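One structure below.
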Amino acid sequence: MNNTTRDPLAGTRPAFFPAPDDPADPNRRERDLRVILAEPRPARTRRAVRRPRLLPVTAVAAAAAAAIVAGVVVVDGDSGAPARTSAQRVLLAAADTVESAAATEVGRYWHTASRHYNTSRQGEYVVTLDSGEESWYSSSAADQTVSVNGIDATLRSQPPGAESDLAGAWAQSWDGPERFNVAGTTMPLDEVLALPTEPAALKSWLLEQFEQNPPEYPMELTDRFLDAALGLLSSVPTTAETRAATYRMLAELPELRTMDASELPAGTVGIAHEMRYISEETANGLVDYQLIIDPDTGQLVENQMILLEPGTEDAPLPVGTILYHVTFQPAGWVDTDPVVPEGATVETY
Amino acid sequence: MYDEHYSRLLAYTLGYTNRASAEEIVSETFLIAWRRLDDVPERELPWLIGVARNVIRQQYRADRRLRDLCVELSTGLLTGNRDADDIAEHVTERATALRALAELGADDREALTLIAWHGLTNREAAEVLGCSTATFVVRVHRARRRLQAAMTVPAHPQKLITIPQEIS
């Protein structure tokens, strides 16, 4: 609330409202949970990578997005062979590299690991949460999916003083075979493995998914492709051919920028795109959305978002803040058992 | 999810209906969440409140109830239904604020109570209402100004007389 004047509504919350941490009436709880759990359990799919959603903004953006969708032109790079931009060169090289990797056999688990850094403002502090996530997505009914969150989590603050103790890692598990979410559509592994391997076909397929799964807020089409590509390249067990097609499809998007070496970790390449981002921290300002690639393997290694221009002058975070940053370890098929850190709580669904 | 959010959801629905109905709405909200588990975002509470809000709007003349509740609470404060250690001046202030809240438009009342009564941040409240945080911030800023204005206008005595409704 407003810090400078007394809130006139302070103390008006009705006394008969339960306090936020009051427990539910045990009888009521038992009855509710009985009814709920009597329903068939829905397929539980997790976005393998948790990240802030891309929610670009406003009715103006809605109109713009509609105009873009209406005017979509699938540009085939081979018509007249236009000069390639440097972003295209980066992406096409990554496509060639990732495609040349040896095919891998499906194993017991699709294994992913990543670290996430999220920055936000809490009162007078800018706090950064750094935590790891590691998941084993089961390929069959014989194994359970296991997902571990909160690994080696730390909370730092600037200025120092708002650090707090964080609960240790926790794990969740549920029955396999895992289903995967691609562009808002949930599908079994065999459908993921059968995703298009040609950029034009992949683009058409994604456009169909976008139509079936409208975003909660208007999003520019380019931003939706980038969002879908992030999943295809980082967390879902796509084939090398589908990953290559993803890079080639991105290469056809307009407006992508090649990142300068000075912005990048040594030995990596990257592409970036400016977009509106809905959040309190940016006051719905403009951010730079970046995908960073290891050119030796063609793997996506990092994804980050940097505040370029706050929506209002009094945005909670300064220009240049890294709003979030994710580093991905190479994902792949493994036959070994999941490893849950000692002391982690395990919830089974 | 149930244990973590039950009481805050119940508090939210109690703003719009009586206890028995509120409990039913909360049940239904969790049932919907179970069916749509894939849709539940990481920040669960605003999503759950948004679902409860839809259920309420489909089934109840919700805003009328919230307005009447504000009037009732205001009247209750002025007629002695309050804690013994309350300072009279504060009681009058709160009663005035509640009466002013009752006089605002439904959208203003909703925006202000999401924050003051349900403890949501601007971003969370925006998620409940399905608008951008910026839109919500502007909306709540204007609502606060109107609340201040309504608090400075002398009350019409008849506005404090209302048909008592069951609160719980």
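Remember, it's a predicted structure, so these values are computed and weren't measured experimentally. In the text below, chain A, chain B and the rest are named by the order of the sequence lines, each starting its count at 1.
- Only the side chain of B:Y2 comes within contact range of chain A, with at least one heavy atom under 4.5 Å from a heavy atom of that chain.
- The side chain to side chain contact (heavy atoms under 4.5 Å, CB included) test with A:P8 singles out one residue from B:T96, B:L101, B:L147, B:L112, and that residue is B:L147.
- Expressed to the nearest 0.5 Å, how far CD1 of A:I36 lies from OG1 of B:T29 amounts to 9.5 Å.
- Using a cut-off of 4.0 Å between Lys/Arg side-chain N and Asp/Glu carboxylate O, B:R144 and A:D7 are scored as not salt-bridged.
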Quiz item: Do B:R94 and A:L9 pass the side chain to side chain contact (heavy atoms under 4.5 Å, CB included) test, and can you show the C-alpha distance, the side-chain angles, and the key distance before you say yes or no?
Solution: CA-CA 7 Å; B:R94 292 214 305 269; A:L9 294 178; over 6 Å; no
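- In this structure, a donor-acceptor pair under 3.5 Å is absent between the side chains of A:R31 and B:S27.
- The CG atom of A:D22 sits 9.5 Å away from the CG atom of B:L10 when rounded to the nearest 0.5 Å.
- Remark: A:R28 CZ is packed, more than 12 non-hydrogen atoms of other residues, nucleotides or ligands lying under 6.0 Å away.
- When the candidates A:P23, A:A19, A:P18 are compared by the number of heavy-atom contacts under 4.5 Å with chain B, A:P18 comes out ahead.
- Using the six-membered ring where Trp is involved, B:H118 and A:F17 have ring planes that are parallel, under 30° apart on the 30 and 60° scheme.
- The nearest pair of heavy atoms linking A:T12 to B:L73 is O-CD1, 4.4 Å.
- Side-chain contact between A:D21 and B:Y6 is absent, with no heavy atoms from C-beta onward closer than 4.5 Å.
- With a 4.5 Å cut-off on side-chain heavy atoms, B:T113 and A:R13 do not count as touching.
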